[in-house]
Asker: 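A single structure is presented below for examination.
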There are 2 protein chains.
Amino acid sequence: MPNDPNPIPGWLECIARSGYRLTAPRRAIVDIMASSDRALEPLQVYDLGRQSCPGLGLVTVYRTLEKLEELGLIQRVHQPNGCHTYWRAACGHEHLLFCTACGRAVHFSGDNITPLIEKVSNQTHFTIQDHWLQLFGLCPQCQQNNL
Amino acid sequence: MPNDPNPIPGWLECIARSGYRLTAPRRAIVDIMASSDRALEPLQVYDLGRQSCPGLGLVTVYRTLEKLEELGLIQRVHQPNGCHTYWRAACGHEHLLFCTACGRAVHFSGDNITPLIEKVSNQTHFTIQDHWLQLFGLCPQCQQNNL
DNA sequence: CCATAATTGATAACGTTTTTCAATTATAAA
DNA sequence: TTTATAATTGAAAAACGTTATCAATTATGG
């Protein structure tokens, strides 16, 4: 479900299919994480979550984020100013692009770093197993606001 | 000084030139960070540092790492299992390659992701300002130890 | 509807990082 | 060399994000 306009049912199904229960706190957190257009830290998820699930506890947020990551639905995001945020996981071979002004995130694909990997592999004699690629820039909106 | 066999004098000069004082704790930490073949976390720097500077305090390690990062001599390293380590900074357009078994780090260059950046820029209408690229794999030694 | 085990939220504990502050020390000027 | 000064230090305490504990609650299958 690459750019599913409403990924929430799929996420809930994934949770149930994995033997986990569907609870109000989990639904609230799934709603937030599946539809956010930017990476969120646990405290932000907590604040947003309490709007629709007033009794929500911060501990439950941590536990649920851990579970969603384990299920491959979200992933931890690394940025220069910290690595405490999560965003929905990439589909297949996708990477992240961030707006440095507003934090909005986008997935992209189409990189082909195979030749680079081969070159580096030859030079260093490492066996390359994986790669991380992230782009940083300004989104269209923030360009207009001449930031 | 890309692959200077002894980068320590240059680092010390950089510190002094920037108006900071050369103290025993700083010399010890520079010795460690300038010559380590892998990224280190503050507590590791502390343990190593106390071997040559017995009274060294952990707080001084944090403060000195912060300063070395500010001077562009070291940089924070991001890995799947955490982002609390530092390694010497890349020179110009270099990226990091890690051994997932032993943690050894290497700089490499020669990537050309300009075409990718142009493509993503056209697709997303973002202005791309910067990129992160990291490779993960097995170093020659760990391949031999069939890990 | 019931029994059961998963899940919850509050509290406390934990490890890392930052702040505070008096004592020490590198540096530049005398 | 000596002195004055401000930068730097280490110890202690505070702050912060995250994890563990545990009794109460709740989703689920029967």
Side-chain angles (χ1 to χ4, degrees), chain A residues 9 11-33 39-71 74-86, chain B residues 9 11-33 39-71 74-86:
Chain A
W11 287 34
L12 296 177
E13 191 199 319
C14 176
I15 291 170
R17 197 168 6 94
S18 306
Y20 296 122
R21 294 182 176 176
L22 288 176
T23 63
R26 286 183 182 163
R27 287 173 190 277
I29 294 169
V30 164
D31 281 355
I32 292 162
M33 295 308 298
L40 299 171
E41 41 188 281
L43 203 58
Q44 294 177 302
V45 176
Y46 173 71
D47 288 336
L48 290 168
R50 286 180 74 89
Q51 291 174 13
S52 63
C53 183
L56 179 65
L58 183 55
V59 178
T60 299
V61 172
Y62 278 98
R63 284 188 287 226
T64 304
L65 292 177
E66 185 184 26
K67 204 139 279 176
L68 295 180
E69 186 181 30
E70 169 200 321
L71 294 175
I74 64 173
Q75 66 186 189
R76 193 181 280 271
V77 163
H78 299 254
Q79 286 181 271
N81 44 313
C83 314
H84 300 182
T85 62
Y86 290 89
Chain B
W11 287 34
L12 296 176
E13 191 198 319
C14 176
I15 291 170
R17 197 165 9 91
S18 307
Y20 297 121
R21 294 183 177 177
L22 288 176
T23 64
R26 285 183 183 162
R27 287 173 192 276
I29 295 169
V30 163
D31 281 355
I32 292 163
M33 295 307 300
L40 299 172
E41 42 189 278
L43 203 59
Q44 293 177 302
V45 176
Y46 172 72
D47 288 336
L48 290 168
R50 286 179 76 88
Q51 292 174 12
S52 62
C53 183
L56 179 66
L58 182 56
V59 179
T60 300
V61 171
Y62 277 98
R63 284 188 287 225
T64 304
L65 291 177
E66 185 184 26
K67 206 140 277 172
L68 295 179
E69 186 180 30
E70 168 200 321
L71 294 174
I74 64 174
Q75 64 186 191
R76 193 181 281 270
V77 163
H78 299 256
Q79 287 181 272
N81 45 315
C83 314
H84 300 180
T85 62
Y86 290 89

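Here is how names work: the chains are called A, B, and so on, in the same order as the sequence lines, proteins then strands, and each is numbered from 1.
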Asker: Output the residues of residues 41-56 of chain A in contact with DNA chain C, where contact means a heavy atom of the residue under 4.0 Å from an atom of the strand; sort by number or write none.
Answerer: A:G55, A:L56

Asker: Apply side-chain contact (heavy atoms from CB on, under 4.5 Å) to B:W11 and B:I29, showing your working.
Answerer: CA-CA 11 Å; B:W11 287 34; B:I29 295 169; over 6 Å; no

Asker: In this structure, how many angstroms lie between the P atom of D:dA27 and the CG atom of A:L12, rounded?
Answerer: 14 Å

Asker: Heavy atoms, side chains only, cut-off 4.5 Å: are A:R26 and A:L22 in contact?
Answerer: no

Asker: Measure the distance from CG on B:L65 to P on C:dT16 and round it to the nearest whole Å.
Answerer: 14 Å

Asker: Is there side-chain contact between B:S52 and B:D31, with heavy atoms separated by less than 4.5 Å?
Answerer: no

Asker: Given the rule in the side-chain contact (heavy atoms from CB on, under 4.5 Å) test, do B:S18 and B:L71 qualify, once you have shown the distances and angles that lead to the verdict?
Answerer: CA-CA 8 Å; B:S18 307; B:L71 294 174; 3.3 Å; yes

Asker: Shorter than 3.5 Å, N or O on both sides, protein versus nucleotides 19-23 of chain D: list them out with atom names.
Answerer:
none

Asker: The helix from C:dC1-D:dG30 to C:dA30-D:dT1: angle between its terminal axes, five pairs each, to 10°?
Answerer: 40°

Asker: With a 4.5 Å heavy-atom cut-off, do B:Y20 and B:T64 have their side chains touching?
Answerer: no

Asker: What pairs of donor and acceptor atoms, side-chain ones from residues 76-84 of chain A against any protein atom, are under 3.5 angstrom apart with sequence neighbours left out?
Answerer:
| from | atom 1 | to | atom 2 | distance (Å) |
| --- | --- | --- | --- | --- |
| A:R76 | NH1 | A:C83 | O | 3.2 |
| A:R76 | NH2 | A:Y86 | OH | 2.9 |

Asker: Suppose we screen for salt bridge (Lys or Arg N to Asp or Glu O under 4.0 Å). Which residues come up paired with A:E13, at least two apart in sequence or across chains?
Answerer: A:R17

Asker: Give a yes/no on whether any side-chain N or O of B:H84 is located under 4.0 angstrom from OP1 or OP2 of C:dG15.
Answerer: no

Asker: Can you sort out the partners of B:R21 under side chain to side chain donor-acceptor pair (under 3.5 Å), two or more places apart, ordered by chain and number?
Answerer: none

Asker: Identify, with sequence neighbours excluded, every residue that meets side chain to side chain contact (heavy atoms under 4.5 Å, CB included) alongside A:L48.
Answerer: A:I32, A:L40, A:Q51

Asker: Should A:L43 and A:V61 count as side-chain neighbours, where that means a heavy-atom distance under 4.5 Å?
Answerer: no

Asker: For A:E66, which residues count as a side chain to side chain contact (heavy atoms under 4.5 Å, CB included) partner, sequence neighbours excluded?
Answerer: none

Asker: Could you tell me which residues satisfy side chain to side chain contact (heavy atoms under 4.5 Å, CB included) with A:Q75, sequence neighbours excluded, listed by chain and number?
Answerer: A:A89, A:A90, A:L96, A:H107

Asker: Residues in side chain to side chain contact (heavy atoms under 4.5 Å, CB included) with A:P25, at least two apart?
Answerer: A:T23, A:C53, A:L56, A:T60

Asker: What are the atom names and distances for every N/O pair under 3.5 Å that joins the protein to nucleotides 26-30 of chain C?
Answerer:
| from | atom 1 | to | atom 2 | distance (Å) |
| --- | --- | --- | --- | --- |
| C:dA26 | N3 | B:R21 | NH1 | 2.9 |
| C:dT27 | OP1 | B:L22 | N | 3.1 |

